[in-house]
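Some notes on the structure that comes next.
Chain letters run A, B, ... following the sequence lines, proteins first and then strands; every chain starts at 1.
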2 protein chains.
Amino acid sequence: MERVEALKKIPLLSPLTDSQLSKIASISVEKLYPAGSVIFTPGESAEGFYVLKKGKVKIFKTQRGKEQIIKIFSEPAFFGEAASFTGGKFPAWAEAIEDSEVIFIPRSAFISIMKEDPDITLKLMSVMANRLLYLTNLIESLSLKNALSKVAAYILRNQNDGKLTFKTNLAALELGLTKETVSRMLSKLKSMGAIEKDGNVIKIKNLQLLREVE
Amino acid sequence: MERVEALKKIPLLSPLTDSQLSKIASISVEKLYPAGSVIFTPGESAEGFYVLKKGKVKIFKTQRGKEQIIKIFSEPAFFGEAASFTGGKFPAWAEAIEDSEVIFIPRSAFISIMKEDPDITLKLMSVMANRLLYLTNLIESLSLKNALSKVAAYILRNQNDGKLTFKTNLAALELGLTKETVSRMLSKLKSMGAIEKDGNVIKIKNLQLLREVE
DNA sequence: CGCATCTTTGAAACTTATCAATCAGAGTGG
DNA sequence: CCACTCTGATTGATAAGTTTCAAAGATGCG
């Protein structure tokens with residue numbers, strides 16, 4: 001069954017037996033979200049959580065017309081689990097930033113799985129622990145770093161082999177800055193000789209320097 | 001046994017049997033931390049987590065001489081569990097802000113308890129889910145609110161019966177502001193008629209107004 | 001090629017931080 | 001009981017960092 005295969009790709013769920021997975025699959029709901037569409041809104045009751053089978057989703061907060069991205073998920077991943085397990089409401093927005101396929105798993109189904117398979121619970125806990133650490137670091141970055149070091153840290157974090165594709169606007173939303181500021185910091189890093197820019201591809205030229213300003 | 005009693009006060013641990021608790025108690029280590037002393041430092045290997053039996057502890061990050069409080073714990077509570085369960089290092093500082101008594105529980109002990117008692121695991125998960133939501137809201141506050149609404153939100157959050165004891169310095173560290181700015185915002189709220197101040201006690205005079213600026 | 005979109009740059013405005021001085025209150029010791 | 005000091009809060013002036021607004025440049029796509 002195709003949905004079972006999708007669930008199996010999620011590291012959290014992969015150790016489940018086929019029968020467990022098909023049980024989940026049978027009561028889960030699959031949905032398509034075109035890029036730009038909203039998956040859930042803050043205040044909405046969290047009756048379950050979401051498995052991202054395909055695509056990319058951003059979780060973000062808004063206030064006074066400003067936006068702060070909390071986290072971007074790429075397939076395979078799951079999200080919305082924290083609100084789901086407290087049994088309360090989602091605290092933030094979830095929006096597809098690419099055409100996405102999502103599987104919704106009702107809380108009750110998953111809790112019964114957790115009760116019969118403690119390893120899954122431990123695994124989920126370790127995922128949540130990692131998310132706590134991630135958010136702790138995000139807080140550090142938002143509160144204690146200046147614009148230049150935020151951008152430097154962003155490049156270091158998202159780089160692959162000394163290179164990365166860079167969307168100014170997206171970076172700005174993640175870093176809690178405006179696109180203009182990000183652009184200026186990029187120019188500064190360029191003039192310092194730390195990076196090189198060609199279109200929307202950034203190449204790290206001086207790793208050590210970048211680490212120093214981070 | 002006295003330590004068992006202390007452990008029982010932690011909502012997370014209270015459903016455990018006395019034999020489980022005394023097992024934990026027997027391998028845990030109790031320590032006193034005078035106000036101002038450091039409990040753990042970032043980068044330190046997290047071999048377990050901490051139960052706060054008495055006192056008050058702040059978890060915070062530092063960078064370039066600035067400080068951001070992540071969370072303040074008052075007895076009874078536990079902290080350091082996220083890092084402990086990822087098996088990695090603490091991401092932040094923990095410091096007693098009052099004379100504190102702390103029980104250290106090695107990871108291994110607790111994991112074996114979790115394996116034999118799934119309810120504890122679920123409970124711990126729900127605590128971690130709540131902490132995720134808390135941090136999400138902190139991010140929102142740090143990134144999207146201005147100084148005035150941060151202070152207003154702080155008052156609303158910490159008020160009790162329309163009153164609260166206010167330490168400018170502490171609020172500043174939690175809100176990611178300077179004490180001067182906090183003081184100025186307080187004056188502003190006072191001149192708006194939203195609050196009243198007598199020594200370090202703040203009284204809310206106009207709740208609706210306070211909610212509006214939040 | 002031309003239009004729409006994103007990026008860069010500049011100037012001004014705004015918010016918050018910094019630095020410095022003063023003030024208020026709580027002990028403390030004479 | 002009164003200086004005296006210590007700590008924390010307030011206030012003012014100035015500086016720094018970031019945003020905002022506006023315009024000009026690039027880039028990509030139909």
Any [X] side-chain N or O less than 4.0 Å from OP1/OP2 of [N]:
X         : N       : value
Thr168(B) : dG8(D)  : no
Thr178(B) : dT18(C) : no
Ser183(A) : dT9(C)  : no
Lys179(A) : dT8(C)  : no

> What's the shortest heavy-atom distance between Phe79(B) and Ile59(B), and which atoms?
Replying inline: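 So the minimum-distance heavy-atom pair works out to CD1-CD1, 3.9 Å.
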>> Suppose we call a contact any N or O donor and acceptor under 3.5 Å apart; does that hold for the side chain of Arg64(A) and the base of dT19(D)?
In response: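 It does not, because no donor-acceptor pair links the side chain of Arg64(A) to the base of dT19(D) below 3.5 Å.
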> Do Arg184(B) and dG12(D) share a donor-acceptor pair, side chain to base, under 3.5 Å?
Replying inline: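 Under the 3.5 Å cut-off, the side chain and the base do form a donor-acceptor pair.
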Starting from [atom2] on [N], measure out to [atom1] on [X] and report it in whole angstrom.
X         : N       : atom1 : atom2 : answer
Leu170(B) : dT7(D)  : CG    : C1'   : 15 Å
Phe166(A) : dT27(D) : CZ    : P     : 16 Å
Lys145(B) : dT18(D) : NZ    : P     : 22 Å
Lys66(A)  : dT20(D) : NZ    : C1'   : 11 Å
Leu175(A) : dG17(D) : CG    : P     : 18 Å
Met185(B) : dA9(D)  : CE    : P     : 16 Å
Lys188(A) : dT9(C)  : NZ    : P     : 14 Å
Lys167(B) : dT7(D)  : NZ    : P     : 14 Å

> Between Arg107(B) and Glu47(B), is there a side-chain N and carboxylate O pair less than 4.0 Å apart?
Replying inline: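 The answer is yes: the pair qualifies as a salt bridge.
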When all nucleic acid strands are considered with a 4.0 Å heavy-atom cut-off, which category describes [X]: base, sugar-phosphate, or nothing?
X         : value
Asn169(B) : sugar-phosphate
Asn200(B) : nothing
Lys197(B) : sugar-phosphate

> Quick one: on DNA chain D, does Val182(A) or Glu180(B) contact a more 5' nucleotide (nearest heavy atom)?
Replying inline: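 In this pair, the answer is Glu180(B).
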> Is it true that the side chains of Glu81(B) and Ser84(B) contain a donor and an acceptor less than 3.5 Å apart?
Replying inline: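 On atom types as modelled, these side chains do not qualify, holding no pair under 3.5 Å.
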> Leu177(A) has a side chain; which of dA17(C), dT19(D), dT9(C) sits nearest to it?
Replying inline: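 The nucleotide sitting nearest to the side chain is dT19(D).
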>> To the nearest 0.5 Å, what is the distance between OH on Tyr134(A) and CG on Leu132(B)?
In response: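 Atom-to-atom, Tyr134(A):OH and Leu132(B):CG are 12.5 Å apart.
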>> Looking at Glu174(A), is its backbone amide N or carbonyl O close enough to the side chain of Gln68(A) to form a donor-acceptor pair, meaning the two atoms are under 3.5 Å apart?
In response: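 Yes, the answer is positive, given that a donor and an acceptor are paired below the 3.5 Å cut-off.
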